[in-house]
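Below, chain A is the first sequence line, B the second, and so on; all start at residue 1.
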Amino acid sequence: MAMRSQLLKGILEGCILSIIHKESVYGYELSQKLQAFGLNDVSEGSIYPILLRLQKEQFIEGEMRPSLTGPKRKYYKTTEKGLEALIAFQQEWNSIQKPVETIINWGLN
Amino acid sequence: MHAKQLIEENNLKRNQLTEENEKYYEDMLIYIRTHLFISEQQTEELVMELLDHLIEAQEAGKSAQDVFGDDPKTYCDDMIKHLPKEKGKNAAVFIGYLNLQFLGFSALASGAVTIIASFFTQVNPSIAIGSSLLTFIIDIGVIFATIAFIFMWIRRSMFKRSNKIKAGIVIGSLSALTMAIFIFVPRLMPSFGYRIEIGGYEYLLAGLVILVISKIINRKFHITK
């Protein structure tokens, strides 16, 4: 699955925002979390363009600090604006998730 | 952490990569760094993040291609477009610093040449301010155009199998052209403007003063440190 289409990008963006909101993580950790949740086909590197975009929109902020294993890492956390965006994403997602599922199942039956 | 420290750390850390991963990573590194108008600080933070990620992924048995995909150019472009631009002030200080360095070393060279020549021939110690200034501005313009061209060219040849002969011809002709401009512009420039007397030792002194000033600016704004 190439994460190129705008739809998938938008969904991945929401997921990343949600993980960062739950706990402050650095890039590699974030990619491992996405995979642990089952998004195995997302290429790991594809999180970086999204992290940059989220920073540009001021939804998240990065901060350099020592990691558990020692070396310094850039940890991300959500901002006030980021939380608003996450809530908006959740509402949008809830409003389309069910209908899309129903339509696809109906069409294929 | 400051950009210069990040660059040094990056140089050290890259040694941990396997040969294949290092090749892939360094292509991305050069491609991203040759985009001159994006913030240096943000650029270095990003390439350090990518390097840290790659090192961890490598320990887990993955290759750079697994992590960053098959199309590094599109991938990098996608990141570069989200990076903030370099602040105008930083760029102005950097360009000013380069100009001072060039002016300082030119003055030292002129001084040395004038002093050595004065042992053998009669040297005319006066220069015309107007034409000298214009020559200097043209030289600066040529230097910046050459640098911009080389960077653009490196960027375009990244991620491709490079042709060494073609590269040699392009770089060679470009250097020859730049040298030709440096030599012929002062000769062809008509002399105009106020004339001042300036001998070899004055040149040396002026050059030293200018270089000291540029050193101070460098220290104050952390340009190369």
Atom CZ of A:R65: over 12 foreign heavy atoms under 6.0 Å
yes
Under a 4.5 Å heavy-atom criterion, the part of residues 73-94 of chain A in contact with chain B comprises A:R73, A:K74, A:Y76
* To do: Using a cut-off of 6.0 Å, state whether more than 12 heavy atoms not belonging to B:E20 lie near its atom CD.
  => no
For A:Q97, is the CD atom crowded, meaning more than 12 foreign heavy atoms sit under 6.0 Å from it?
yes
Quiz item: Less than 4.5 Å apart, any side-chain heavy atom of A:Y48 and any of B:H53?
Solution: yes
Whatever's closer than 4.5 Å to a heavy atom in chain A on B:L54 counts as neither
Applying a strict 4.5 Å limit to non-hydrogen atoms, the region of B:L46 in contact with chain A is side chain
Listed by number, the residues in residues 52-63 of chain A that come under 4.5 Å of chain B (heavy atom to heavy atom) are A:L52, A:R53, A:K56
Here the gap from B:E49 atom CD to A:L51 atom CG, rounded to the nearest 0.5 Å, amounts to 6.5 Å
query = Counting only heavy atoms not in B:E26, do more than 12 fall under 6.0 Å of its CD?
reply = yes
Turns out that what part of B:A64 lies under 4.5 Å from chain A's heavy atoms comes down to neither
* To do: Report, as yes or no, whether the 6.0 Å neighbourhood of atom CZ on B:F94 holds more than 12 heavy atoms from other residues, nucleotides or ligands.
  => no
Okay, B:K81 and chain A: the region with an atom under 4.5 Å from a heavy atom over there is backbone
May I ask you to check whether over 12 heavy atoms, not counting those of B:F182, lie within 6.0 Å of atom CZ? yes
- Are there more than 12 heavy atoms of other residues, nucleotides or ligands under 6.0 Å from atom CD1 of B:I165? no
Cut-off 4.5 Å, heavy atoms of chain A, and the answer for B:L6 is side chain
Side-chain touch B:E9/A:K72, heavy atoms, less than 4.5 angstrom: no
d(A:S43 OG, B:D70 CG) to nearest 0.5 Å is 9.0 Å
**Asked** So do B:Y75 and A:P49 actually touch side chain to side chain, heavy atoms under 4.5 Å?
**Response** yes
